[in-house]
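All of these numbers come straight from a predicted model, not from anything done at the bench.
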Amino acid sequence: MEIVQKVTSGFSLDLSPVKEPLGFIRILEWVFTICAFATTGGYVGSSVFTITCDSKPKEIAANFAYPFRLPSQPYEIQHCNGTNNVTYLQGDFSSSAEFFVCVGVFGFLYCTFTLVLYLGYQHLYRESNRYPIIDLILTGIFAFLWLVASSAWGKGLTDVKYATNPDSLLKACSPDTCTTTSYPAMGRLNASVLFGFLNLILWAGNCWFIYKETPLHKPADPPVNAEGGVSSS
């Protein structure tokens with residue numbers, strides 16, 4: 001009950017931690033975490049190729065989107081002989097994409113919570129040895145999660161690019177004459193992997209500054225003699 005009363009009545013806005021590495025890096029983590037999951041979630045792409053029949057080109061678009069369960073979005077090929085063929089993109093890469101976004105969302109929530117703690121309840125954070133240690137442990141866990149999620153999503157993105165490359169999809173329209181019209185825009189997804197590894201660097205580096213707030217980093221008291229309180233010459 002005492003802790004609850006302190007939390008409800010002890011809010012005091014103090015922007016000074018923003019000027020220190022502890023708060024400034026946390027703000028950077030908050031921004032780059034948003035960028036990481038925002039560039040992945042909601043993505044929609046399209047691979048387009050053209051079938052030419054009697055000098056009449058027909059564009060065919062193979063659409064795909066987050067979370068990249070590619071077989072869930074079929075596309076139809078209209079052959080020159082009048083037949084239609086329903087075709088599916090191959091590969092389910094949802095696990096790595098969703099894990100990456102999940103780490104980003106939970107990282108965003110944790111950044112928001114700790115920023116409120118730093119800026120509004122700095123006295124509680126400084127007075128207690130428990131909060132910095134918990135902060136250090138959770139920040140280290142998130143750094144490890146960013147390493148795993150970014151690596152997995154980087155590999156998943158490589159597979160998505162291969163599976164959605166229109167040059168490889170041209171085999172599905174054989175024996176008609178097909179040409180690539182446009183490639184899917186992957187810049188946003190490339191940026192998501194970059195943001196993921198930037199978050200890894202930020203979260204891992206921030207562990208040092210949080211460690212300095214823990215009692216583990218407090219310097220030992222200098223030796224003094226029992227009488228005068230100063231070391232003897």
| query | Between T50 and T179, does a side-chain hydrogen bond (donor to acceptor under 3.5 Å, both in side chains) hold up when you go through it step by step? | reply | CA-CA 5 Å; T50 302; T179 57; 4.7 Å; no
If I compare all heavy atoms of [X] with all of [Y], which pair ends up nearest, and what's the gap?
| X | Y | value |
| --- | --- | --- |
| L70 | A163 | CD1-CB, 3.6 Å |
| T180 | P166 | CG2-CG, 3.6 Å |
| Q78 | I60 | N-CD1, 4.2 Å |
| P67 | A97 | O-CB, 4.2 Å |
| G156 | S96 | CA-OG, 3.9 Å |
| L169 | A62 | CD1-CB, 4.1 Å |

Whether the side chain of [X] engages the backbone of [Y] through a donor-acceptor N/O pair (distance < 3.5 Å, no angle test) should be reported.
| X | Y | result |
| --- | --- | --- |
| R188 | A38 | yes |
| E59 | P57 | no |
| T40 | A36 | yes |
| S168 | N165 | yes |
| N85 | E76 | no |

Could you list the donor-acceptor pairs under 3.5 angstrom formed by side chains in residues 41-48, with sequence neighbours left out?
| from | atom 1 | to | atom 2 | distance (Å) |
| --- | --- | --- | --- | --- |
| Y43 | OH | A185 | O | 2.5 |
| S46 | OG | N63 | OD1 | 2.9 |
| S47 | OG | T164 | O | 2.4 |

| query | Mind checking whether F64 and F68 have parallel, tilted or perpendicular rings, split at 30° and 60°? | reply |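 It falls in the tilted class, 30° to 60°.
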Can you tell me how far apart [atom1] ([X]) and [atom2] ([Y]) are? Round to the nearest 0.5 Å.
| X | Y | atom1 | atom2 | answer |
| --- | --- | --- | --- | --- |
| F37 | N199 | CZ | CG | 10.5 Å |
| F24 | F209 | CZ | CZ | 11.0 Å |
| L28 | C111 | CG | SG | 10.0 Å |
| E29 | Y110 | CD | OH | 9.0 Å |
| L202 | F195 | CG | CZ | 11.0 Å |
| T114 | I134 | OG1 | CD1 | 13.0 Å |

| side chain to side chain contact (heavy atoms under 4.5 Å, CB included) evaluation trace for V160 with M186 | CA-CA 10 Å; V160 169; M186 293 292 186; 4.2 Å; yes
| query | Hey, mind stepping through E98 and V103 against side chain to side chain contact (heavy atoms under 4.5 Å, CB included) and telling me if it holds? | reply | CA-CA 9 Å; E98 289 178 330; V103 171; over 6 Å; no
| So, are E20 and K212 salt-bridged, with charged N and O less than 4.0 Å apart? | no
Do [X] and [Y] sit in the same hydrophobic cluster, where Ile, Leu, Val, Met, Phe, Trp and Tyr count as joined when their side-chain heavy atoms come under 4.5 Å apart?
| X | Y | answer |
| --- | --- | --- |
| V31 | V105 | yes |
| F113 | I210 | no |
| I201 | F108 | no |

| field | ring pair (Phe, Tyr, Trp, His ring centres under 6.0 Å) partners of Y75, counting only residues at least two apart | value | none
| Check against side chain to side chain contact (heavy atoms under 4.5 Å, CB included), L157 and N190 | CA-CA 8 Å; L157 177 57; N190 292 333; 3.6 Å; yes
| task | Could you tell me whether the side chain of T87 reaches within less than 4.5 Å of the side chain of P74, counting heavy atoms only? | result |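 No, side chains not in contact.
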Distance-only criterion, 3.5 Å: show the donor-acceptor pairs between side-chain atoms of residues 138-154 and protein atoms not counting sequence neighbours.
| from | atom 1 | to | atom 2 | distance (Å) |
| --- | --- | --- | --- | --- |
| T139 | OG1 | R26 | NH2 | 3.2 |
| T139 | OG1 | D135 | O | 2.7 |
| T139 | OG1 | D135 | OD1 | 3.3 |
| S150 | OG | W146 | O | 2.8 |
| S150 | OG | G196 | O | 3.3 |
| S151 | OG | L147 | O | 2.8 |
| W153 | NE1 | S192 | OG | 2.9 |

| task | Give the C-alpha distance, both sets of side-chain angles, the deciding distance and a yes or no for side chain to side chain contact (heavy atoms under 4.5 Å, CB included) between I51 and C80. | result | CA-CA 8 Å; I51 295 180; C80 294; 3.8 Å; yes
